[in-house]
Every structure is written in C-alpha cells, then in structure tokens.
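We count ligands from 1, going down the list as the structure has it; atoms in each ligand are counted the same way.
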Amino acid sequence: MSTTQTTSSVTGSSAAGEPLGFDPEALRAKYRLERDRRIRPDGIAQYRRTDGEFGHDADAPDPTFDRPPLRDRVEVAVIGGGFGGLLTGARLRQAGVEDIRMIEEGGDFGGAWHWNRYPGIHCDIESYVYLPLLEELGYLPEWKYAPGEEIRQHARAIGRHFDLYRDACFHTRVSELRWDEDSREWEISTNRGDHLRARYVAVASGTLSQPKLPGIPGIETFGGRTFHTSRWDYDYTGGDATGGLSKLADKRVALVGTGATAVQVVPHLGRDSRHVYVMQRTPSSVDVRGNRRTDPAWSESLRPGWQKERRDNFLAIVSGGQTDEDLVSDGWTGSAQLLRKLMPSATFSQLPPERREHVEEIVDFQKMNQLRARVDEIVQNRATAEALKPWYRYMCKRPTFSDTYLETFNRPNVTLVDTADHGGVQRITHNAVVVGEHEYEVDCIIFATGFDVGISGVLSDRLSVHGRGGVTLAQYWQDGPRTLHGFASHDFPNLFHLGPLQNARSVNFTHILDEQARHVAAVIAEARRRGARYVEPTEQAQADWVATIRTTAPDQHKFQSECTPGYLNNEGKPRSRSETYGEGPLAFHALLRQWRSAGMDDVLVDAKH
Ligand code: NDP
C-alpha cells in the first residue's frame with residue numbers, strides 16, 4: 001500500500017482543505033489489519049510475573065543480608081524509595097517533619113533507576129525537567145538526556161541531602177498495613193518480620209516495579225543464560241551500563257521485545273555480540289534523539305526558579321496548553337498535539353468532537369508517515385525496513401527516540417525476526433527460540449518485555465491494606481477506586497497514595513509526583529499544626545470527587561479499541577472507564593492549591609470529633 005498516494009476524496013484533505021498526499025482510508029485499513037494480526041485472545045493473561053526468578057538486587061551488600069526485626073514507631077512511614085517516595089520524604093522534611101522512615105525493597109534509593117541498569121539506559125525525557133530538586137541540590141545534569149547511572153546517583157543525593165538514609169529500611173518489602181483505631185496508628189508488617197507503627201503512611205511503591213515475562217511454552221526449559229532487562233547480568237555479558245559487553249563476542253543472543261527499553265539496548269547488543277536476533281512483535285515508533293552535552297553558557301545563564309519555569313513550560317505544552325515559547329523544544333513538545341490522546345486537556349474543546357477527531361487523526365497520520373519515512377532513509381534492507389515500520393496511531397504505543405537503533409539493523413550480525421503473525425515468540429527449547437518454521441539457536445535470551453504497568457502495589461496482592469473495621473482496600477475498591485483527589489479514602493485514615501490514581505497524568509512523571517508529594521506534605525503539616533485526630537476524607541467529599549472523575553474523564557474507548565494491543569489499552573481490551581482527571585494536570589494542580597488554601601476541612605478530622 002502506498003502512503004504517498006494523492007487523493008481528492010473528502011477524507012483526503014487536510015483541515016485547511018488542502019490535498020494531503022496520502023489516502024487516510026487506506027491507512028485506516030492498514031492500521032486495522034496490523035492490529036488484528038496482533039490481537040491475542042488471552043490479552044493480559046499472556047504474561048506472568050517474575051517473582052523470585054529475577055529478584056536479585058545488584059546492590060545487595062551481602063546475599064545473606066539480614067537484620068533483627070524492628071518493633072518501633074515513627075511519625076511517617078514512606079513505602080518506596082523511588083522518586084515518589086524520595087520527593088515525599090524531601091517535602092516532609094521541608095515541612096518540618098523529622099521522624100520519617102523510608103522502606104524500600106531494593107538495596108538503595110532510586111526505584112526503577114535502581115533496578116534497571118541495562119546497557120544504554122537513559123531517560124528520554126529531558127534531564128533538566130525530569131530530575132527533581134535540581135536547584136535545591138545545586139546540581140545540573142551533564143547531558144540533555146541523562147544516563148540511568150546519573151539519575152540513580154541523583155536519587156541517592158536527594159536521600160543524603162534530606163537525611164532520608166537515617167532510619168531507612170532497605171531490602172524490605174511491606175506485606176501488610178493494618179489500621180489500629182485504639183492507637184490511631186498503622187501497623188506495618190514486612191517480609192523481614194518487622195512490626196512497625198506509624199501515624200501516617202505514604203505509599204509510593206511505583207508503577208514499573210514488577211517485571212513481567214511472556215508465558216512462552218518451554219520458557220523454563222532453556223539451558224542457556226536468560227534474564228530480564230531490569231535485572232541485567234553483567235557477570236555474563238561483561239561491560240556496564242555504558243556498554244563494552246565483551247563477554248558476548250562469541251555469543252548468539254535473542255532479545256525479546258522492541259519497546260522503549262529494547263530501543264536503548266539493541267545498539268549495544270548489535271555492536272558487541274556475535275549475533276543478535278531481535279524478536280519483534282510490534283515495532284516502536286523511533287524518532288530523532290539529538291542528545292547533547294549541557295551548554296556551559298546556558299547553565300551560567302540560569303537564574304533562581306529556572307527549573308520550575310522549565311517544568312511548567314514542558315507540562316503546559318505536552319498537556320495541550322498555550323505558551324509563548326517552547327523551552328525544551330524536543331520530540332515530546334513537537335508532538336504535543338498528539339499527546340492529548342494520552343493526556344487530555346481542554347484545548348480543542350471548542351471544536352465539535354467529530355471535527356476535532358478528524359484534525360487529530362490527520363496530524364497523526366502525517367507524524368507517523370514521517371516516522372515510517374525515517375525507517376526507509378536509514379535501514380538498507382527493504383524487507384527489514386518494512387517490518388520496522390509502525391502502523392498505528394502515535395500514542396497507541398509509547399513513542400521512542402534513538403539515533404542508533406534503526407542503524408543497528410544494517411549490521412550483518414543483527415537479524416530482525418518478525419513474530420507478529422505468531423502472537424510473538426511461539427516456543428522456547430533447551431537451546432533455541434522458535435518462530436513459525438524457524439528455530440534460532442542461541443546462547444542467551446534477554447527479555448525486554450516490560451512491567452506490570454499500573455498503580456502501586458495496593459491494588460495487587462503484594463500489599464494488603466486493612467482499614468477501619470478490618471475492611472480491605474481491595475474490597476473497598478472492588479467497583480473501582482474511591483478517593484479524594486486520588487490521595488486518600490474514607491475508612492483508611494492517615495494513608496496517602498502516590499502515583500496515577502483518580503488524578504492527572506503526564507509523561508514527565510517526576511513532575512506529577514512532586515506535585516503529589518508537596519500536597520501530601522502540606523496536608524500532614526496542617527494536620528500536625530491543628531492537632532487533627534485524623535486525615536480522612538468525608539464520604540461526601542470522596543463521592544463528589546469520584547463523580548468529578550466520572551464526568552471529566554475523557555472517553556478513550558474508541559481510540560484505544562482501534563489501537564494495536566499493548567499495556568496502554570490493556571492488550572487490546574480497553575477498560576470501559578478512564579480514571580483520569582480530564583481537565584489535565586495544570587488544572588488539577590491549580591485545583592489542589594485552591595483546595596489547600598480553602599482550609600482542607602473535608603479531610604482534617606479535629607480532635608473534638
Ligand atoms: P514494553 O512493555 O514497552 O515493551 C515490551 C515489549 O515486549 C513489546 O515490544 C512487546 O511487544 C514485547 N513482547 C511481549 N511479549 C512478547 C512475545 N511473546 N514475543 C515477542 N515480543 C513480546 O516494555 P519496556 O521495558 O520497553 O518499557 C516499559 C516502560 O518503561 C515504557 O513504556 C516506559 O514507560 C518506561 N521506559 C522509559 C524509558 C525512558 O527513557 N523514560 C526508557 C525505557 C523504558 P508488543 O508491543 O507487541 O506487545
């Protein structure tokens with residue numbers, strides 16, 4: 001099918017009525033065909049958890065790490081030592097709270113950046129807006145897009161700066177939270193036999209913390225080395241996160257998956273392995289990266305308040321808002337119009353819906369045509385180039401950015417294996433990966449197959465939460481979450497959630513987390529000041545917020561149903577309801593500020609009650 005065909009049909013004109021140079025109906029048909037090739041009846045059930053199999057922590061000081069169980073009490077327990085937890089700790093310290101215990105499953109702070117050390121790891125959100133608290137720590141990243149190790153070290157620096165290592169419990173997973181009405185405290189149980197108590201608990205256990213594996217038949221029978229990208233085995237590959245995987249020089253490697261992680265890993269595997277088979281089911285869109293060192297002249301020009309200004313500017317643009325200038329000016333901000341599908345805002349609300357949808361679709365086709373043309377420009381083998389082209393709307397999959405990924409497929413030792421017609425890798429034997437008629441003999445299989453993406457462990461069986469009267473949060477939310485602003489629920493006093501939950505979202509997740517952390521710290525500080533008995537939303541305030549979410553949440557069902565399957569659309573079976581605040585993050589943050597200045601009366605239960 002040609003994407004450059006000119007059409008004079010009504011659907012073949014732009015919003016301004018000009019010929020498009022492509023046939024939208026033909027593209028729609030191609031997208032449907034490619035989606036249908038990938039839909040699996042088992043949906044999300046095709047995956048399984050990796051618990052225990054890939055659980056080792058690269059930073060464990062000693063594999064037999066042990067400590068006596070704790071039986072003490074703190075004012076605030078923060079569950080999770082990634083950026084959500086660190087920011088909560090930092091903002092609480094700034095609010096004057098001294099008695100804080102950070103509890104983290106890994107051996108140090110960093111969250112996803114602690115566990116993920118794969119070669120090539122970088123953050124593809126600009127470092128000057130992604131890394132939080134840069135001005136507070138007096139730090140400026142070395143690159144526009146920071147390597148994972150720099151981000152991990154920044155997380156540790158936040159821990160030191162705000163004295164969060166004091167009393168921290170690493171290598172510790174919270175297994176249960178139980179509210180004790182008599183003492184008005186939470187009892188916290190852990191996998192290390194701890195029984196702690198805390199007046200307040202903030203849960204920030206992350207959304208990318210559970211690696212997942214495809215349930216490929218025979219996966220346990222493989223006799224070579226195998227691991228998930230989030231638990232990279234440098235003993236086996238040699239090298240480190242900057243590359244130099246010297247021990248792979250005589251190894252044949254299969255990499256399963258072609259998402260944002262694989263796009264960063266493949267150039268290293270291609271350069272250093274004897275042979276790499278990249279097992280692709282759905283190609284990612286791969287846009288220009290353009291990483292560069294921080295310009296000293298620019299860094300000297302920065303004035304106090306610069307990071308807030310830059311973050312606000314980025315958030316406004318990627319949320320579809322109007323700004324006079326684009327400070328970050330990269331692939332995210334350039335594609336911002338398209339991002340509204342993921343992070344909706346009110347910008348186009350004046351247009352009739354069908355018109356809006358038409359304009360968005362045309363812009364989307366144009367963007368994706370550019371990205372497909374980029375594949376043709378870079379990849380020499382025609383069949384490989386065709387297989388690497390993404391046929392779906394831009395925000396159906398998380399976009400990726402690289403200036404070396406597509407180029408890697410021009411190497412003679414790199415083979416792209418298209419598994420789409422087989423639902424992915426079909427079978428694994430003791431020495432091979434099987435797709436269709438072909439058995440690819442390999443020494444090592446690396447799974448770049450992602451994570452259980454969702455809200456923090458409270459909704460999974462990993463962390464059970466028992467509120468007032470013993471009711472569990474899972475029961476309480478069985479018909480969907482019920483919160484005030486996504487932070488707190490009635491009958492679960494003094495408990496705060498961080499992460500995506502009945503609130504607003506953005507690709508710059510650390511910005512969202514920082515606003516959440518400021519909010520939690522402000523509420524706790526006010527509760528302390530007033531000597532409040534509990535922080536707990538009234539049933540009315542909670543019901544009102546759930547109703548607000550229901551009325552503002554964008555209806556993304558049609559868009560997601562037409563998307564190729566992935567975690568963004570629940571593997572092709574989109575949920576009927578979105579739990580996102582539809583007015584977008586800017587409006588949500590303003591709403592929180594306004595609510596705080598109005599007195600917080602619908603969560604602070606005074607001592608006299
Ligand atoms: P993803 O979930 O995005 O990708 C998983 C990949 O595995 C997909 O390509 C999927 O194919 C493939 N796959 C799954 N099962 C099979 C199978 N049976 N056979 C063949 N292929 C299979 O995981 P990632 O680790 O790449 O990324 C996860 C998230 O981490 C990202 O979305 C992003 O939020 C974050 N991230 C952020 C980065 C950053 O720079 N900020 C960098 C890296 C990751 P299919 O698409 O067909 O399902």
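Ligand 1 places these atoms under 4.0 Å from at least one heavy atom of His122: 39 (C), 40 (O). Listed by atom number, the atoms of ligand 1 under 4.0 Å from Tyr47 heavy atoms are 14 (C), 15 (N), 48 (O). Within ligand 1, the atoms closer than 4.0 Å to a non-hydrogen atom of Lys397 are 45 (P), 46 (O), 48 (O), numbered from 1 in the order shown. Heavy-atom proximity to Cys123, at under 4.0 Å, picks out these atoms of ligand 1: 40 (O), 41 (N).
For Arg38, no heavy-atom contact with ligand 1 is shorter than 4.0 Å. With a heavy-atom cut-off of 4.0 Å, Tyr118 touches ligand 1 through its side chain alone. Here Leu208 has side-chain heavy atoms under 4.0 Å from ligand 1, and that is the only part of it that gets that close.
Taking the six-membered ring where the residue is Trp, Phe401 and Trp332 present tilted rings, their angle falling between 30° and 60°. Between Phe227 and Tyr236, the ring-plane angle classifies as perpendicular under the 30° and 60° cut-offs. Using a 30° and 60° split on the angle between ring planes, Phe83 and His154 fall in the tilted class, from 30° to 60°. Below 30°, between 30° and 60°, or above 60°: for Trp306 and Trp298 the angle between ring planes is above 60°, a perpendicular geometry. Aromatic ring pairs are classed by plane angle as parallel below 30°, tilted from 30° to 60° and perpendicular above 60°; the pair Tyr277 and Tyr440 is tilted.
Looking at Thr282 next to ligand 1, an N or O pair under 3.5 Å apart turns up. The N/O atoms of Val425, backbone and side chain alike, include one that comes under 3.5 Å of an N/O atom in ligand 1. The shortest N or O to N or O distance between Ala260 and ligand 1 is under 3.5 Å. Residue Gln46 places no N or O, backbone or side chain, under 3.5 Å from any N or O of ligand 1. Considering backbone and side-chain atoms together, Arg40 places no N or O closer than 3.5 Å to any N or O of ligand 1. Close N/O approach between Thr261 and ligand 1 is found [any backbone or side-chain N/O within under 3.5 Å].
Judged by distance alone, the side chains of Tyr139 and Glu150 do bring a donor and an acceptor atom under 3.5 Å apart. For Asn313 and Arg310, the side-chain atoms include no donor-acceptor pair closer than 3.5 Å.
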Exercise. Run the salt bridge (charged side-chain N to carboxylate O under 4.0 Å, His left out) check on Asp330 and Lys144 step by step: do they pass?
Worked result: CA-CA 10 Å; Asp330 71 355; Lys144 187 170 171 73; 5.3 Å; no
For this session: Kindly determine whether Arg393 and Glu562 satisfy salt bridge (charged side-chain N to carboxylate O under 4.0 Å, His left out), including the steps that lead there.
Result: CA-CA 9 Å; Arg393 286 184 64 168; Glu562 291 171 357; 5.2 Å; no
For this session: Before giving the answer on salt bridge (charged side-chain N to carboxylate O under 4.0 Å, His left out), spell out for Arg382 and Asp376 the whole-Å C-alpha distance, their side-chain angles and the decisive distance to 0.1 Å.
Result: CA-CA 8 Å; Arg382 286 302 91 213; Asp376 277 331; 2.8 Å; yes
Problem set entry | Derivation and outcome, salt bridge (charged side-chain N to carboxylate O under 4.0 Å, His left out), residues Asp108 and Arg156 | CA-CA 8 Å; Asp108 205 336; Arg156 299 180 70 222; 2.7 Å; yes
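Crowding of Arg411 atom CZ: a count of heavy atoms from other residues, nucleotides or ligands under 6.0 Å exceeding 12.
Geometric assessment of Lys212 against the ring of Phe451 yields a negative cation-pi assignment under the 6.0 Å and 45° thresholds.
Here the heavy atom of the protein found nearest to atom 28 (C) of ligand 1 is Phe451 CD1, 4.0 Å. Residue, atom and distance of the protein heavy atom nearest to atom 23 (O) of ligand 1 are Gly450 CA, 3.1 Å. Closest to atom 5 (C) of ligand 1, if we only count protein heavy atoms, is Ala448 O, 3.4 Å. Of the protein's heavy atoms, Gly257 CA, 3.5 Å lies nearest to atom 12 (C) of ligand 1. What sits closest to atom 18 (N) of ligand 1 on the protein, heavy atoms only, is Pro214 CB, 3.5 Å. Closest to atom 8 (C) of ligand 1 among all protein heavy atoms lies Thr258 N, 4.0 Å. Regarding atom 40 (O) of ligand 1, its nearest protein heavy-atom neighbour is Asp124 N, 2.7 Å. Looking at atom 32 (O) of ligand 1, its nearest protein heavy atom turns out to be Tyr567 OH, 2.2 Å.
The aromatic ring centres of Tyr130 and Phe509 sit 6.0 Å or more apart.
Within the structure, ligand 1 has Gln264 among the residues with a heavy atom less than 4.0 angstrom away.
Nearest-heavy-atom check against atom 20 (C) of ligand 1 across Val263, Val256, Leu213, Ile216 picks out Val256.
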